[in-house]
Amino acid sequence: AAGAAPKAVVAWRIDESHGNSLAAWEAMGSPAVPSSAQLSSLIKASQIVPEPVTHTSDGEATVVEVPMTGDSAVRLNFS
C-alpha cells in the first residue's frame with residue numbers, strides 16, 4: 001500500500017571490512033600461492049553477507065555508513 005513502512009530493511013556492503021578478500025590476503029602476508037586453509041579464508045572474506053538494518057515502525061532506518069571507497073545496496077521488503 002502507498003505510504004506503507006517496510007517490514008524489513010537489509011543492506012549489503014563492500015568496504016575495508018565487508019567483502020574484501022584483498023585485505024584478508026594482505027593480512028596473511030600476501031602469499032603467492034595460498035594454502036588450502038588460506039584459500040578458504042579468502043573465499044569467506046570475499047563473500048558479501050546481508051545485514052539487517054534497524055528501522056522504526058514508520059519506516060525510518062538507521063544510517064548505513066559506507067566509506068567513499070566502498071559500495072552498498074539496500075533492499076526494502078514490504079511483504
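All residue numbers in this chain count up from 1 along the given sequence. No experiment lies behind these values; they were computed from the predicted model shown.
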*Under a single-linkage definition using a 4.5 Å side-chain heavy-atom cutoff for Ile, Leu, Val, Met, Phe, Trp and Tyr, are M28 and L39 assigned to the same hydrophobic cluster?*
no

*Do I14 and V10 belong to the same hydrophobic cluster, where Ile, Leu, Val, Met, Phe, Trp and Tyr are linked whenever their side-chain heavy atoms lie under 4.5 Å apart, directly or via other members?*
yes

To the nearest 0.5 Å, what is the distance between [atom1] ([X]) and [atom2] ([Y])?
X   : Y   : atom1 : atom2 : result
K44 : S21 : NZ    : OG    : 14.5 Å
S30 : L22 : OG    : CG    : 7.5 Å
R13 : I48 : CZ    : CD1   : 12.0 Å
N20 : E26 : CG    : CD    : 8.0 Å

*Residue pair P31 / W25, side-chain heavy-atom distance below 4.5 Å*: yes

[X] to [Y] - nearest heavy-atom pair and separation:
X   : Y   : answer
V49 : W12 : C-CD1, 3.9 Å
S46 : I43 : OG-O, 2.7 Å
A23 : E16 : CB-O, 4.1 Å
L42 : P34 : CD1-CG, 4.1 Å
A11 : V74 : CB-CG2, 4.1 Å

